[in-house]
Participant: 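Please find one structure pasted underneath; my questions will follow.
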Amino acid sequence: MTATTETTTTAPEALHAPVIDWFDGCARDLPWRRPEAGAWGVMVSEFMLQQTPVNRVLPVYEQWMTRWPRPANLADEAPGEAVRAWGRLGYPRRALRLHAAAVAIQERHNGDVPRRHAQLLALPGIGEYTAAAVASFAYGQRHPVLDTNVRRVYARAISGTEFPPGATTAAERRIARELLPDDDDTAARWAAASMELGALVCTSRNPSCHACPIAQQCAWRQAGSPAYEGPPRRGQTYAGTDRQVRGRLLAVLREADGPVPQAALDQVWDEPVQRARALDGLVSDGLVEPLADGVYRLPGA
DNA sequence: TAGACGTGGGG
DNA sequence: TCCCCAAGTCT
């Protein structure tokens with residue numbers, strides 16, 4: 001058989017050097033990439049960066065690392081303090097999980113962020129991506145790091161499509177595995193570089209192909225940059241959803257010094273059934289703690 | 001395995 | 001204005 005598969009069209013080695021060289025010259029100077037960040041700094045940044053843009057994470061990251069420079073410091077706090085300090089980053093369950101992860105690190109790993117992928121994966125709030133990212137960025141290990149940026153880079157450069165599938169597929173994992181450099185240090189470098197390429201150059205909309213170090217080898221460009229034909233990528237409506245109500249409710253709790261009476265929460269949304277459902281949801285998620293007499297507060301705060 | 005889960009900036 | 005999207009995880 002002489003059939004050419006999509007992954008053998010271009011030798012992996014032909015991609016590594018250009019992308020890593022580009023990264024060496026163009027990488028952003030982000031605080032969690034500096035040596036002093038340590039594994040804990042990398043882990044905190046990864047939690048915050050799950051679905052939240054870098055620019056919004058920056059100031060909150062600095063506050064967190066100043067206040068809680070080690071996992072033990074966060075573990076000693078009430079979970080509600082983590083939720084409060086999370087500010088407006090969104091998806092506040094991440095704050096709760098990061099706090100829980102700090103507690104687990106204290107209990108199971110003597111206060112040090114574990115090195116092994118399986119141990120990282122076992123921590124709350126850490127999935128396939130974050131485990132690989134921490135192991136790779138903090139400890140220089142060799143793991144396929146498949147985030148939304150890398151998936152888009154591979155979709156274009158390797159598969160020749162404008163966008164990756166809705167959910168990560170086995171085919172994508174295979175590509176990531178086959179592209180992974182053999183050497184640990186190069187693999188870690190490649191992971192960071194390919195992510196950065198997706199974040200800065202191979203962006204979702206209006207990619208800067210003129211500035212791309214592998215534009216000449218890009219399967220999507222070679223195919224004439226065909227428009228995306230797959231199923232419509234899910235748009236997330238927000239206005240009027242429980243999520244919006246939850247956000248407003250939690251904002252009130254976050255900004256209050258202490259417990260808040262029901263009446264104050266009632267003002268954020270006029271529809272009582274949805275309002276009650278949202279509040280119940282927050283309570284069952286552990287983001288809000290009901291006290292006696294219809295008073296609420298952030299958990300343990 | 002879809003769907004839930006916040007928030008705000010840019011085109 | 002409206003729509004899309006941003007270093008995912010969990011159920």
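Throughout, protein chains are lettered first and strands after them, A, B, ... in sequence-line order, and every chain is numbered starting at 1.
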Participant: Check A:E162 with A:R152, please: is the shortest side-chain N to carboxylate O separation under 4.0 Å?
Facilitator: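 So A:R152 does not pair with A:E162 through a salt bridge.
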
Participant: Between A:A167 and A:L282, which is nearer to the 5' end of DNA chain B once each is assigned its nearest nucleotide?
Facilitator: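 By nearest-heavy-atom nucleotide position, the 5'-most residue is A:A167.
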
Participant: Sequence neighbours left out, what pairs pass ring-ring contact (aromatic ring centres under 6.0 Å, His included) with at least one residue falling in residues 28-47 of chain A?
Facilitator: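 Checked against ring-ring contact (aromatic ring centres under 6.0 Å, His included) - neighbours excluded - the pairs reaching residues 28-47 of chain A are A:W32-A:Y61.
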
Participant: Which residues pass the side-chain hydrogen bond (donor to acceptor under 3.5 Å, both in side chains) test with A:R275, not counting sequence neighbours?
Facilitator: A:D266

Participant: Ring pair (Phe, Tyr, Trp, His ring centres under 6.0 Å) with A:H143: which residues, sequence neighbours excluded?
Facilitator: A:H117

Participant: Going by the side chain to side chain donor-acceptor pair (under 3.5 Å) test, which pairs reach into residues 99-116 of chain A, not counting sequence neighbours?
Facilitator: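 Passing the test, one end in residues 99-116 of chain A: no pairs.
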
Participant: A:Q50 side chain N/O closer than 4.0 Å to the phosphate oxygens (OP1, OP2) of C:dA7?
Facilitator: no

Participant: Does any N or O donor sit under 3.5 Å from an N or O acceptor when you compare the side chain of A:T52 with the base of B:dG6?
Facilitator: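 Side chain to base: pair present.
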
Participant: Does the side chain of A:W220 reach to within under 4.5 Å of the side chain of A:P226, using non-hydrogen atoms?
Facilitator: yes

Participant: Expressed as a whole number of Å, how far does the P atom of B:dA4 sit from that of C:dA7?
Facilitator: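 So the two P atoms sit 22 Å from each other.
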
Participant: Identify whether any heavy atom of A:T148 sits under 4.0 Å from a base atom; if not, whether one sits that close to sugar-phosphate; answer base, sugar-phosphate or nothing.
Facilitator: sugar-phosphate

Participant: Taking C:dT9 as the reference, what is the distance to B:dG8 when you measure between their P atoms (whole Å, please)?
Facilitator: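 Comparing P positions in B:dG8 and C:dT9 gives a spacing of 23 Å.
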
Participant: Which nucleotide wins on minimum distance to the side chain of A:R97, given the candidates C:dA6, B:dT7, C:dC10?
Facilitator: C:dC10

Participant: Confirm from the modelled atom types if A:R243 and B:dG6 form a donor-acceptor pair under 3.5 Å, side chain to base only.
Facilitator: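 Side chain to base: pair present.
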
Participant: Which of residues 16-37 of chain A sit near DNA chain C, with a heavy atom under 4.0 Å from it?
Facilitator: A:R28, A:L30, A:W32, A:R33

Participant: Can you see if the side chain of A:R205 gets near the phosphate of C:dA6 - specifically, an N or O under 4.0 Å from OP1 or OP2?
Facilitator: no

Participant: Determine whether A:W190 and A:M195 make a side-chain contact, defined as any pair of heavy atoms from C-beta on separated by less than 4.5 Å.
Facilitator: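 Not in contact.
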
Participant: When the distance from CG of A:D147 to C1' of C:dA7 is rounded to whole Å, what number comes out?
Facilitator: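 Distance, rounded to whole Å: 5 Å.
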
Participant: For A:V54, answer base if it contacts any base atom (sugar-phosphate contacts may also be present), sugar-phosphate if it contacts only those atoms, and nothing otherwise; contact means non-hydrogen atoms under 4.0 Å.
Facilitator: base

Participant: Take the protein atom CG of A:L49 and the nucleotide atom P of B:dG6, then report the distance between them rounded to whole Å.
Facilitator: 18 Å

Participant: Return the 5'-most residue of the pair A:D242, A:N206 with respect to DNA chain B, ranking by each residue's nearest nucleotide.
Facilitator: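 Comparing both residues, the 5'-ward one is A:D242.
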
Participant: Heavy atoms within less than 4.0 Å of DNA chain B: which residues of residues 244-264 of chain A have one? Give them sorted by number.
Facilitator: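 A:R246, A:G247, A:R254 - these, ordered by number, are the residues of the stretch whose heavy atoms sit under 4.0 Å from the strand.
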
Participant: Could you give the CH2-to-P distance, from A:W86 to C:dT9, as a whole number of Å?
Facilitator: 12 Å

Participant: Measure the distance from CG on A:N55 to C1' on B:dG9 and round it to the nearest whole Å.
Facilitator: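 In whole Å, B:dG9 C1' lies 9 Å from A:N55 CG.
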
Participant: Side chain of A:R88, heavy atoms from C-beta onward: which of C:dA7, B:dC5, B:dG8 has the nearest atom to it?
Facilitator: B:dG8

Participant: Output all residues satisfying ring pair (Phe, Tyr, Trp, His ring centres under 6.0 Å) with A:Y296, sequence neighbours left out; order by chain, then residue number.
Facilitator: none

Participant: Which residues, if any, of residues 112-140 of chain A bring a heavy atom under 4.0 Å of DNA chain C?
Facilitator: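 Listed by number, they are A:P124, A:G125, A:I126, A:G127, A:E128, A:Y129, A:T130.
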
Participant: Identify, residue by residue, the members of residues 266-277 of chain A with a heavy atom below 4.0 Å from DNA chain C, and return them in order of residue number, or none.
Facilitator: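 DNA chain C contact set from residues 266-277 of chain A: none.
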
Participant: Under 4.5 Å between side-chain heavy atoms, chaining through other members, with only Ile, Leu, Val, Met, Phe, Trp and Tyr counted: pull out the rest of the cluster around A:V295, sorted by chain and number.
Facilitator: A:L291

Participant: Side chain to side chain contact (heavy atoms under 4.5 Å, CB included) with A:R142: which residues, sequence neighbours excluded?
Facilitator: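 With neighbours one apart ignored, the set is A:L180, A:D182, A:D184, A:A187.
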
Participant: In whole Å, I'd like the distance from the CZ atom of A:R94 to the P atom of B:dT7.
Facilitator: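 Whole-Å distance recorded here is 10 Å.
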
Participant: So, do A:E128 and A:L146 sit near enough that their side-chain heavy atoms are less than 4.5 Å apart?
Facilitator: no

Participant: Are A:Q274 and A:W269 close enough that a side-chain donor and a side-chain acceptor fall under 3.5 Å?
Facilitator: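 Looking only at side-chain atoms, A:W269 and A:Q274 do form a donor-acceptor pair, the distance falling under 3.5 Å.
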
Participant: Ignoring hydrogens and geometry, is there a side-chain-to-backbone donor-acceptor pair from A:S208 to A:A211 under 3.5 Å?
Facilitator: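 Absent.
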
Participant: In whole Å, I'd like the distance from the CE atom of A:M43 to the P atom of C:dT9.
Facilitator: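 After rounding, the reported distance stands at 12 Å.
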
Participant: Nearest to the A:R56 side chain among B:dA4, C:dG8, B:dG8, which nucleotide is it?
Facilitator: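 Closest nucleotide among those given: B:dG8.
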
Participant: Side-chain atoms of residues 16-26 of chain A: list all donor-acceptor pairs with protein atoms under 3.5 Å, sequence neighbours left out, distances to 0.1 Å.
Facilitator:
unit_1, atom_1, unit_2, atom_2, d
A:H16, NE2, A:L179, O, 2.6
A:D24, OD1, A:R189, NE, 3.3
A:D24, OD1, A:R189, NH2, 2.4

Participant: Are A:Q50 and A:Y129 linked by a side-chain donor-acceptor pair shorter than 3.5 Å?
Facilitator: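 There is no such pair (donor and acceptor under 3.5 Å, judged by atom type) between the side chains of A:Q50 and A:Y129.
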
